[in-house]
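Letters A, B, ... mirror the listed sequences (proteins, then strands); counts begin at 1.
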2 protein chains.
Amino acid sequence: MPPFEFQSHDHASCMTSAMRAAEQHCLDAKLQFTPVRRAALEILLSEHKALGAYDILAKLDARGLGSAPPVAYRALEFLVKNGFAHKVEKLNAYVACAHPGETHDPAFMICTSCDSIVEAATDPQAGQLGRAAKAAGFEINTAVLEAEGLCPSCKPT
Amino acid sequence: MPPFEFQSHDHASCMTSAMRAAEQHCLDAKLQFTPVRRAALEILLSEHKALGAYDILAKLDARGLGSAPPVAYRALEFLVKNGFAHKVEKLNAYVACAHPGETHDPAFMICTSCDSIVEAATDPQAGQLGRAAKAAGFEINTAVLEAEGLCPSCKPT
DNA sequence: AGATGAAATGTTATATCATAACAACCCCGA
DNA sequence: TCGGGGTTGTTATGATATAACATTTCATCT
């Protein structure tokens, strides 16, 4: 079972456990989990939706942690590079990773009605893209899988 | 067999046939295939790679067809909406459709070495995203499938 | 042919997303 | 203490995209 689904869940505990996991990973890998980076991850975890870099920057600024774009972009770069967050290409926005620890290409389902977003577990090498790539002799390094539509709550019954 | 693959092909004929197909489709659907739109599609078809909106704008400008961003964006909007081109989200760029006629969600393989790009045929409802969506009760409207990696020509042997 | 309304275009301005470049700082190990 | 890598602060700018409104074109109806 993924850390969260479209259904409601214990937000506070999902957030603190993700923070702990990130902290541990940084210790293990000797990465600097600095205040800006920590705050950026907290901000992303606070929402189950994608936030633009400038949204995050505004929230960082509200905490007194920097007001110029590179501050936010650098923190996001760190989070994405280390698997704590992903960029949602379709939205030019960022979201906390739902399966931290493992590095992976994410697959997203984005609700166009309520902006909620969930990350599904998939293996890009295995799906249709993987098959097409194999057929074409193409070697996949990274994959983007993003679906837009209606989540169960917003879907007309 | 798709209209083109990573392998070489008859560029001129692939281009003229795509233009003819677009022309026919516009006639059938009573769409206005205006000079700007026609030129934008020609420009996209001239390359097997994704072009940024401003690249296209520059080429339109060179033909005396407009120099302000909305000119390019409106032409691209038309082409995308009617299935003659796609936006590659990962690149914020646009590419001619390889399977015009059918409306579909595209799947791309993008070579990070030579910038070539091919569009594979897939059914988003069927793949891993489709399965995840079904499991989650999510209704997919559109899907983005994009892989970056190395094409056969650029792949080390 | 002339009227008319929708669609397309031209143009200016501005919003939004992202990075280059360089100086300053901080921590840690030699 | 010195030096060096990594992080941060800051300014400036580049790249992508759209809002808003005036004007023109064009299909269609009369």
Side-chain angles (χ1 to χ4, degrees), chain A residues 22-23 25-27 29-41 43-44 49-82 84-95 110 115 144 146, chain B residues 22-23 25-41 43-44 49-82 84-95 115 144 146:
Chain A
E23 223 147 318
H25 180 90
C26 288
L27 271 177
K30 297 199 194 306
L31 300 170
Q32 301 186 44
F33 201 37
T34 63
V36 180
R37 292 166 176 182
R38 179 184 303 272
L41 183 53
I43 288 163
L44 285 175
K49 51 181 215 178
L51 296 175
Y54 280 73
D55 294 335
I56 292 161
L57 178 58
K59 289 174 192 286
L60 288 174
D61 196 13
R63 298 191 189 190
L65 285 168
S67 59
V71 172
Y73 280 100
R74 288 195 285 232
L76 288 167
E77 180 185 29
F78 172 87
L79 296 177
V80 168
K81 181 167 150 199
N82 295 108
F84 304 138
H86 300 292
K87 179 171 186 185
V88 184
E89 296 293 343
K90 181 90 189 197
L91 304 177
N92 290 320
Y94 302 82
V95 68
I110 306 157
D115 292 330
V144 174
E146 299 173 0
Chain B
E23 224 149 315
H25 180 91
C26 287
L27 270 178
D28 294 348
K30 297 199 195 306
L31 300 170
Q32 300 186 42
F33 201 37
T34 63
V36 180
R37 292 167 176 179
R38 179 184 303 271
L41 183 52
I43 289 164
L44 285 175
K49 49 181 215 177
L51 296 176
Y54 281 74
D55 294 334
I56 292 161
L57 178 58
K59 289 173 192 286
L60 288 174
D61 196 13
R63 298 191 188 190
L65 286 168
S67 60
V71 172
Y73 281 100
R74 287 196 285 232
L76 288 167
E77 180 186 31
F78 172 86
L79 296 177
V80 168
K81 181 167 149 199
N82 295 109
F84 304 137
H86 300 292
K87 179 171 185 184
V88 183
E89 296 294 341
K90 180 90 189 199
L91 304 176
N92 291 319
Y94 302 82
V95 70
D115 292 329
V144 174
E146 298 173 0

- Message: Tell me which one of A:L57, A:V88, A:I56 satisfies side chain to side chain contact (heavy atoms under 4.5 Å, CB included) with A:L51.
- Response: A:I56
- Item | Contact under 4.0 Å: B:T34 side-chain N or O vs C:dT9 OP1/OP2 | yes
- Query: Atom CD1 of B:I43 and atom CG of B:D55: how far apart are they, to the nearest 0.5 Å?
  - Reply: 10.0 Å
- Are A:K87 and A:V95 close enough, and set up right, to give a side chain to side chain contact (heavy atoms under 4.5 Å, CB included), and what steps lead you there? CA-CA 6 Å; A:K87 179 171 186 185; A:V95 68; over 6 Å; no
- Message: Distance check needed: C:dT9 C1' versus B:D61 CG, whole Å only.
- Response: 15 Å
- note: A:Q32, atom CD; D:dG5, atom P; distance rounded to Å ~ 14 Å
- Measure from CG on A:L51 to P on C:dT16 and round the result to the nearest Å. 15 Å
- Note on the structure: Between B:R37 and B:S67, the residue closer to the 5' end of DNA chain C by nearest nucleotide is B:R37
- Taking the six-membered ring for Trp, are A:F78 and A:F84 parallel (under 30°), tilted (30 to 60°) or perpendicular (over 60°)? tilted
- Task: Calculate the interatomic distance between A:L65 atom CG and D:dT7 atom C1'; express it in whole Å.
- Result: 13 Å
- Looking across every strand, which nucleic acid part, if any, lies under 4.0 Å from A:Y54 by heavy atom: base, sugar-phosphate, or nothing? base
- Task: State whether B:K87 places a side-chain N or O below 4.0 Å from either non-bridging phosphate oxygen (OP1 or OP2) of D:dA17.
- Result: yes
- Message: If the cut-off is 4.0 Å, is B:N92 near the phosphate of C:dC17, judged by side-chain N/O to OP1 or OP2?
- Response: no
- Message: Between C1' on D:dC26 and NZ on B:K30, what's the gap in Å once rounded to a whole number?
- Response: 14 Å
- Message: Using a heavy-atom cut-off of 4.0 Å across all strands, would you classify A:Y94 as base, sugar-phosphate, or nothing?
- Response: sugar-phosphate
- If you check the B:Y73 side chain, which of C:dT12, D:dA17, C:dT19 turns out closest? D:dA17
- Query: Given that A:R74 and B:L31 both sit by DNA chain C, which one's nearest nucleotide is further toward the 5' end?
  - Reply: B:L31
